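Keep in mind it's a predicted model, so treat the numbers as computed, not measured. In what follows, chains are A, B, ... by sequence order, proteins preceding strands, each numbered from 1.
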Number of protein chains: 2
Amino acid sequence: MPKRVFIIDDDPSVRKGLARLIKSAGFHPEPLASAEGFLQKTRFNGPACLVLDVRMPGLSGIDLQKEMIKKGISLPVIFITGHGNIPMSVNAMKDGAVDFLPKPFDDTQLLSAIERAINKNIRMRKNLSEKEKIQRRIKLLTPREYDVLRWVITGRLNKQIAAKLGVTEKTVKVHRGRLMQKMQVKSVAELVVLTQKCEIGSPKR
Amino acid sequence: MPKRVFIIDDDPSVRKGLARLIKSAGFHPEPLASAEGFLQKTRFNGPACLVLDVRMPGLSGIDLQKEMIKKGISLPVIFITGHGNIPMSVNAMKDGAVDFLPKPFDDTQLLSAIERAINKNIRMRKNLSEKEKIQRRIKLLTPREYDVLRWVITGRLNKQIAAKLGVTEKTVKVHRGRLMQKMQVKSVAELVVLTQKCEIGSPKR
DNA sequence: TTGTAAATTGGACTTTGGTCCAATACGGAA
DNA sequence: TTCCGTATTGGACCAAAGTCCAATTTACAA
């Protein structure tokens, strides 16, 4: 899987230079002339990150970062800039930027930042996909099975759950057996570990 | 519980001014003339944070931050500086600083940073104390009970655990009952939730 | 040497959990 | 209307977990 590095800078010569450097380091550069152009993109299959010029006509790099946060796109960002200042860099870092490099910077500085950014993205993608896998299983549950699940992971006995739901213990056992199958676990311990990774609303009453 | 704000700056007039501002905002200022002076401190009972001048004779603010990381002291840091630059601020943020304010800054900027820092520290302290509470319970376990615990929270049956440990199922039940008491839980689900908060080495074999 | 804590096991039960087969009831989709 | 998925329950069992009382062995400290 190629590690894609989006290069967003309005200066063609900068794009070209960075693309060459990044390519030589074994990444897959994707030069783009504007932040708007990047926002058109919808496909984010593999590991990737952004190298982003702060100052650009139209949407600035900072604007793009904020826009991505708003839209829930979470690709690690590395800023580069010729005319930055401290508050700007601090805000970018607060918003989760991996690095903020004033020009001129060493090639090695940029490449090490890219390395960190890509690794971060890989970790995030792994977490996310596991979370989604679990969510998919939860969606297979019927409403009643979901009710039972929420009580089971808080350690209640079948008879207690039965009382809460106003049904017999027998019924709870059936639901419980089926939800364990659908969640693909063989023990309550495994079930708890799974559900801790997603947010499960705690049961009422 | 007073919210203590350590002010570390070599300039007495700055210390005085900041102390007044911070006091007026309802915090408890603790002015110190040097980073070395702060490192003497050992008592960190209540919520607190640091307002730290970057440039100082002897240990600089940056040095102090690194020293604290090395020693495992985790108080949120806010840097203030008259002569900073971007790489310095970025590195400070990477190392977990809450904010980095070049002089001159607005009072409100500093106060809002302090507010965030204190809240962060309160959350950290809460997490830490819960973790320690759990660790204390784990220390009550005999080696054998701890062995059993590690298998229980991975969802093994008593008979499986017995086989792993080379003892009878009966024995496992006894250990299991006692560890549940010592951990103060009534169900495997609760036990798993507790142990997820600390790191438990996964069992071998 | 004498405790003391830890580890181990047995017997005898009770309570819980889980499964198989079967059946009833309800509501929406074809 | 008919069929399917969901929810519910019963009976009959078996497996697993938990408890109470009692006993033996071992290692380490006073």
Side-chain angles (χ1 to χ4, degrees), chain A residues 134-196 198 200-205, chain B residues 134-196 198 200-205:
Chain A
I134 299 168
Q135 297 281 15
R136 269 197 301 280
R137 293 183 193 168
I138 290 181
K139 283 207 188 67
L140 296 178
L141 303 181
T142 67
R144 213 50 163 166
E145 283 162 2
Y146 186 71
D147 288 337
V148 174
L149 170 103
R150 293 191 304 180
W151 289 111
V152 168
I153 61 180
T154 56
R156 307 312 169 94
L157 302 180
N158 286 343
K159 64 163 59 169
Q160 295 173 321
I161 301 172
K164 301 274 185 191
L165 300 181
V167 297
T168 62
E169 187 181 341
K170 189 73 61 172
T171 309
V172 173
K173 285 186 180 182
V174 175
H175 288 318
R176 185 164 176 161
R178 276 202 277 264
L179 79 86
M180 295 294 278
Q181 272 203 323
K182 290 183 181 176
M183 297 301 290
Q184 298 173 35
V185 293
K186 290 197 304 298
S187 66
V188 178
E190 293 170 77
L191 183 66
V192 171
V193 172
L194 273 199
T195 53
Q196 291 281 297
C198 317
I200 301 279
S202 30
K204 317 294 181 294
R205 247 188 321 166
Chain B
I134 299 168
Q135 296 281 16
R136 270 197 300 280
R137 293 184 194 168
I138 290 181
K139 282 208 188 67
L140 297 178
L141 302 182
T142 67
R144 215 46 164 167
E145 283 163 0
Y146 186 71
D147 288 337
V148 174
L149 173 120
R150 292 192 305 181
W151 288 111
V152 168
I153 61 179
T154 56
R156 307 311 170 94
L157 301 181
N158 285 343
K159 61 164 62 171
Q160 295 174 319
I161 300 172
K164 301 276 184 191
L165 299 182
V167 297
T168 62
E169 188 182 339
K170 190 75 58 174
T171 310
V172 173
K173 284 187 181 182
V174 174
H175 288 318
R176 187 165 175 160
R178 276 202 277 263
L179 81 85
M180 295 294 279
Q181 272 202 323
K182 289 183 181 176
M183 297 300 292
Q184 298 173 36
V185 293
K186 289 196 307 298
S187 67
V188 179
E190 293 170 77
L191 183 66
V192 171
V193 172
L194 273 199
T195 53
Q196 290 281 298
C198 318
I200 301 279
S202 29
K204 318 292 180 295
R205 248 187 323 164

Checklist entry - Which comes earlier along DNA chain D counting from the 5' end, the contact point of A/Val167 or that of A/Lys182, where each point is its nearest nucleotide? => result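 Per heavy-atom nearest nucleotide, the more 5' residue is A/Lys182.
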Next on the checklist: C/dA7, OP1 or OP2 - any side-chain N/O from B/Thr142 closer than 4.0 Å?
Outcome noted: yes
Item to check | Any B/Asn158 side-chain nitrogen or oxygen under 4.0 Å from OP1 or OP2 of D/dA16 | outcome: no
Integer-rounded Å distance: [N] [atom2] and [X] [atom1]:
X: B/Leu179; N: C/dA7; atom1: CG; atom2: P; answer: 12 Å
X: A/Lys173; N: D/dG10; atom1: NZ; atom2: P; answer: 12 Å
X: B/Gln160; N: D/dA15; atom1: CD; atom2: P; answer: 15 Å
X: B/Tyr146; N: C/dA7; atom1: OH; atom2: C1'; answer: 19 Å
X: A/Leu157; N: D/dA17; atom1: CG; atom2: C1'; answer: 11 Å
X: A/Met180; N: C/dG17; atom1: CE; atom2: C1'; answer: 10 Å
X: B/Glu145; N: C/dA6; atom1: CD; atom2: P; answer: 8 Å
X: A/Arg176; N: D/dT6; atom1: CZ; atom2: P; answer: 21 Å

Item to check | Pairwise distance CD(B/Gln196) to CG(B/Leu191) - rounded to 0.5 angstrom | outcome: 10.0 Å
Item to check | Atom pair OG1/CD1 of A/Thr195 and A/Ile200 - distance to nearest 0.5 Å | outcome: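 Spacing of OG1 (A/Thr195) from CD1 (A/Ile200) equals 5.5 Å.
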Checklist entry - What does A/Thr171 touch in the nucleic acid at a heavy-atom separation under 4.0 angstrom: a base, only the sugar-phosphate, or nothing? => result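 Since a base atom lies under 4.0 Å of A/Thr171, the category is base.
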Checklist entry - Between the base of C/dG10 and the side chain of B/Lys170, is there a donor-acceptor distance below 3.5 Å? => result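 Answer is no: no donor-acceptor pair is held.
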Next on the checklist: Using every non-hydrogen atom in the two residues, find where B/Leu149 and B/Met183 come nearest and quote the distance to one decimal.
Outcome noted: CD1-CG, 4.2 Å
Checklist entry - Heavy atoms, side chains only, cut-off 4.5 Å: are A/Arg178 and A/Leu141 in contact? => result no
